[in-house]
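Some notes on the structure that comes next.
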There are 2 protein chains.
Amino acid sequence: MAHSHDVPTDLTRNQGLVLGALNHSESPLSAYDILDKLRADGLRAPLQVYRALDKLVERGLAHRLESLNAFVACADEHCHRKGLIAFAICEGCGKVDEFADSVIEERLGHWAGAKGFKVERTTMEIRGKCEACVAAA
Amino acid sequence: MAHSHDVPTDLTRNQGLVLGALNHSESPLSAYDILDKLRADGLRAPLQVYRALDKLVERGLAHRLESLNAFVACADEHCHRKGLIAFAICEGCGKVDEFADSVIEERLGHWAGAKGFKVERTTMEIRGKCEACVAAA
DNA sequence: GCGGCAAGTGTAATAACATAACATATCACG
DNA sequence: CGTGATATGTTATGTTATTACACTTGCCGC
């Protein structure tokens with residue numbers, strides 16, 4: 001079994017490097033973490049990383065975690081997800097679990113409809129401890 | 001009608017100033033925005049603001065908006081809210097609408113229970129346009 | 001009163017995250 | 001070819017947040 005994800009072939013060099021770094025990591029990386037990992041590959045400035053991240057996030061290949069100022073590769077290997085995605089972030093080990101819940105999505109849609117609010121994007125992040133870390137405590 | 005909220009009397013000077021600044025604002029303020037507003041009152045360093053914000057957030061008198069790196073006063077004047085709070089943030093006018101939804105809360109609890117994940121806190125932020133700004137567009 | 005502790009404050013320095021501005025390069029396509 | 005769109009490289013700067021340390025204030029027990 002391949003641990004690494006299959007990666008679209010039409011990424012630019014920098015985008016490929018950045019996505020590779022995210023795919024290799026067990027936990028979220030800040031833009032500067034990524035930069036440090038990619039200095040050996042010739043990257044030198046934050047902007048090179050931020051630009052690649054923008055494109056990857058735009059295409060759904062990576063996600064930004066707002067409460068961490070950090071990024072993860074999309075957990076869904078082949079097709080980037082549609083709709084609302086929630087993240088459970090473990091404060092113990094740093095791992096992130098990505099999931100979708102159509103009931104929540106529908107519920108938010110309902111609220112927005114009632115208020116006349118036009119949703120553009122939604123951030124949903126749960127902070128806490130994963131099962132393993134609770135057990136270890 | 002009082003536009004300002006009633007404010008607990010046991011706040012320290014800095015906490016009171018910071019909460020006052022948030023209550024006066026129509027939209028979220030960054031810590032540095034707050035600092036600028038309070039220079040006339042003698043505040044000089046970011047830390048003075050961040051320390052006050054920490055306490056206010058801890059007590060539920062203010063909320064941090066992760067996707068904005070900014071803060072708002074709690075919309076609920078008298079008792080700070082329990083449980084999950086969601087925010088709808090208008091990209092047009094900057095206004096923030098705060099609401100709770102017990103179905104969503106229950107749904108997240110269910111997911112967490114099934115996974116053995118111990119939730120400590122949850123961030124939920126909708127970005128988009130409010131009714132007025134959609135109409136104006 | 002006064003010793004001692006907890007919480008709050010003031011200040012400077014620095015760390016961590018993110019973007020502006022500008023020049024150059026690469027590539028699809030007419 | 002040439003031209004426009006996209007990507008890149010680089011420097012400088014802007015914005016958000018914390019560390020470290022010294023001092024003050026209020027409170028409680030003795």
Side-chain angles (χ1 to χ4, degrees), chain A residues 7-22 25 27-59 61-72 89 91 94 96 121 123 125 127, chain B residues 7-22 25 27-59 61-72 89 91 94 96 121 123 125 127:
Chain A
V7 156
T9 54
D10 63 337
L11 295 177
T12 66
R13 170 180 156 80
N14 288 359
Q15 290 163 19
L17 288 169
V18 168
L19 184 54
L22 290 175
S25 173
S27 40
L29 297 176
S30 76
Y32 282 76
D33 291 339
I34 295 170
L35 178 56
D36 287 341
K37 283 178 184 286
L38 295 179
R39 285 199 199 277
D41 297 290
L43 294 207
R44 311 208 191 154
L47 205 49
Q48 296 176 289
V49 175
Y50 281 107
R51 286 198 280 226
L53 285 169
D54 280 349
K55 292 298 178 194
L56 294 172
V57 169
E58 193 178 303
R59 295 182 51 173
L61 298 169
H63 304 292
R64 176 186 176 89
L65 301 175
E66 300 285 358
S67 69
L68 244 38
N69 294 327
F71 301 82
V72 286
I89 302 165
E91 322 243 69
V96 174
R121 89 200 138 78
T123 294
E125 300 174 17
R127 307 289 294 266
Chain B
V7 157
T9 54
D10 63 338
L11 295 177
T12 66
R13 171 179 155 82
N14 288 359
Q15 289 162 19
L17 288 168
V18 169
L19 185 54
L22 290 175
S25 174
S27 42
L29 297 176
S30 75
Y32 283 78
D33 291 340
I34 295 170
L35 178 56
D36 287 340
K37 284 178 184 286
L38 296 179
R39 285 199 198 277
D41 298 289
L43 293 206
R44 311 211 192 152
L47 202 48
Q48 296 175 289
V49 175
Y50 280 108
R51 286 199 279 226
L53 285 168
D54 280 349
K55 292 299 177 192
L56 294 172
V57 168
E58 194 178 302
R59 294 183 51 174
L61 298 169
H63 304 292
R64 176 186 175 89
L65 300 175
E66 300 285 358
S67 69
L68 244 39
N69 295 326
F71 300 83
V72 285
I89 301 165
E91 321 244 70
V96 174
R121 89 201 140 77
T123 293
E125 299 173 18
R127 307 289 293 267

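Quick caveat, the model's predicted, so the values are computed rather than measured.
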Considering only heavy atoms from C-beta outward, does the side chain of B/K37 approach that of B/L29 to under 4.5 Å? yes

Winner on side-chain proximity to B/L47, out of D/dG9, D/dT11, C/dA12, is C/dA12

Looking only at the side chain of A/Q48 (C-beta and beyond, no hydrogens), which of the listed nucleotides C/dT11, D/dT16, D/dT10 gets closest? D/dT10

Separation of C/dG10 atom P from B/D41 atom CG, nearest Å, is 12 Å

Rounded to the nearest angstrom, tell me the gap between atom OH in A/Y50 and atom P in D/dT10. 18 Å

If you define the side chain from C-beta out and look only at heavy atoms, does anything of A/L11 sit under 4.5 Å from A/R59? yes

When the distance from CG of B/L11 to C1' of C/dT9 is rounded to whole Å, what number comes out? 16 Å

Mind checking A/A31 for me? I need base, sugar-phosphate or nothing, with any heavy atom below 4.0 Å counting as a touch. nothing

Is there a side-chain contact between B/L35 and B/P46 in this structure, where contact means two heavy atoms from C-beta onward sitting under 4.5 Å apart? yes

Does C/dA7 have OP1 or OP2 sitting under 4.0 Å from an N or O in the side chain of B/T12? no

Interatomic distance, A/D10 CG vs D/dA7 P [rounded to whole Å]: 10 Å

In whole angstroms, the gap separating C1' of C/dG10 from CZ of B/R39 amounts to 14 Å

From CZ of A/R44 across to P of D/dA12 the rounded distance in Å is 15 Å

Can you tell me which nucleotide in D/dA7, D/dT10, D/dT16 comes closest to the side chain of A/Q15? D/dA7

Output yes when a side-chain donor or acceptor of A/S30 lies under 3.5 Å from a complementary backbone atom of A/D33, and no otherwise. yes

Under the 3.5 Å rule, do the base of C/dA15 and the side chain of A/Y32 count as making a donor-acceptor pair? no

Of the options C/dA18, D/dT18, D/dT11, whose atoms approach the side-chain atoms of B/P46 most closely? D/dT18

Which residue, A/R51 or A/S30, contacts DNA chain C at a nucleotide closer to its 5' end, judged by nearest heavy atom? A/S30

Which nucleotide in D/dG9, D/dT16, D/dA7 has an atom nearest any side-chain atom of A/L43: D/dG9

Rounded to whole angstrom units, what separation is found between the CG atom of A/D36 and the P atom of C/dA15? 14 Å

Closer than 4.0 angstrom, basic N to acidic O: yes or no for B/R64 and B/E66? yes

Please report the distance, rounded to the nearest Å, between CZ in A/R13 and P in C/dT26. 12 Å

Quick one: is D/dA17 close enough that its OP1 or OP2 comes under 4.0 Å of any side-chain N or O from A/N69? no

